[in-house]
**Q** 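The structure under discussion is supplied below as structure tokens; questions concerning it will follow.
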Amino acid sequence: METTEIINIFSTFGFPTAMVIVMGYAMWKMYKSNEANNRKTVEESIKIRDQFISYIQMSNVELTGTLKESTMATKESATALKENAETYKETATALNRFAVVLEKMENKLKVDD
């Protein structure tokens, strides 16, 4: 609404009625402006939300893959630890047998410190 149109309203209707019309028009313009801003904000929010969801989905796939690899490595590590434990056990048994043999040899040779 142009200034001349506002002046015509005041000259046509009188001050109280013209104020109501002009205030109504001003409120309608503010409503339309806010409505446009709200639409823009909602569209931007939806875009950001969709990007965030996409990022979370991608991260979930990566983390799931990493977790799977970690689980496999843990299983392999547990198997290796079990094998190492068996090897240590065999080594300890062999050392004990060797210690017995050395003790018998010492007794036969009667070695004193």
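What's counted below: heavy atoms across the whole structure, side chains too, no hydrogens, waters or symmetry copies.
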**Q** Output the distance between atom CG (L67) and atom CG (N60), rounded to the nearest 0.5 Å.
**A** 10.0 Å
**Q** Is there a donor-acceptor pair closer than 3.5 Å between any side-chain N or O of S70 and the backbone N or O of T66?
**A** no
**Q** What I'd like to find out is whether the side chain of Y25 reaches to under 4.5 Å of the side chain of I21, using heavy atoms alone.
**A** no
**Q** Which salt bridge (charged side-chain N to carboxylate O under 4.0 Å, His left out) pairs, counting each pair once, include a residue from residues 53-80, with sequence neighbours left out?
**A** none
**Q** Are I48 and V42 connected, step by step, through hydrophobic side chains (Ile, Leu, Val, Met, Phe, Trp, Tyr) whose heavy atoms are closer than 4.5 Å?
**A** no
**Q** Any non-hydrogen side-chain atom of F52 less than 4.5 Å from a side-chain atom of R49?
**A** no
**Q** K104 and side-chain contact (heavy atoms from CB on, under 4.5 Å): which single residue from L102, N107, V101, V100 fits?
**A** V100
**Q** Does F15 belong to the same Ile/Leu/Val/Met/Phe/Trp/Tyr cluster as M23, with side-chain heavy atoms less than 4.5 Å apart forming each link?
**A** yes
**Q** Hey, what do you get for CG (N34) to CG (N38), rounding to the nearest 0.5 Å?
**A** 6.0 Å
**Q** Hey, can you pull the donor-acceptor pairs under 3.5 Å for the side chains in residues 83-92, sequence neighbours left out?
**A**
from, atom 1, to, atom 2, distance (Å)
T87, OG1, E83, O, 2.9
T91, OG1, T87, O, 2.8

**Q** Taking atom CE as the centre, does M72 end up with more than 12 heavy-atom neighbours from other residues, nucleotides or ligands that are less than 6.0 angstrom away?
**A** no
**Q** Please, which pairs that meet side chain to side chain donor-acceptor pair (under 3.5 Å) have at least one residue in residues 39-48, sequence neighbours excluded?
**A** E35-R39
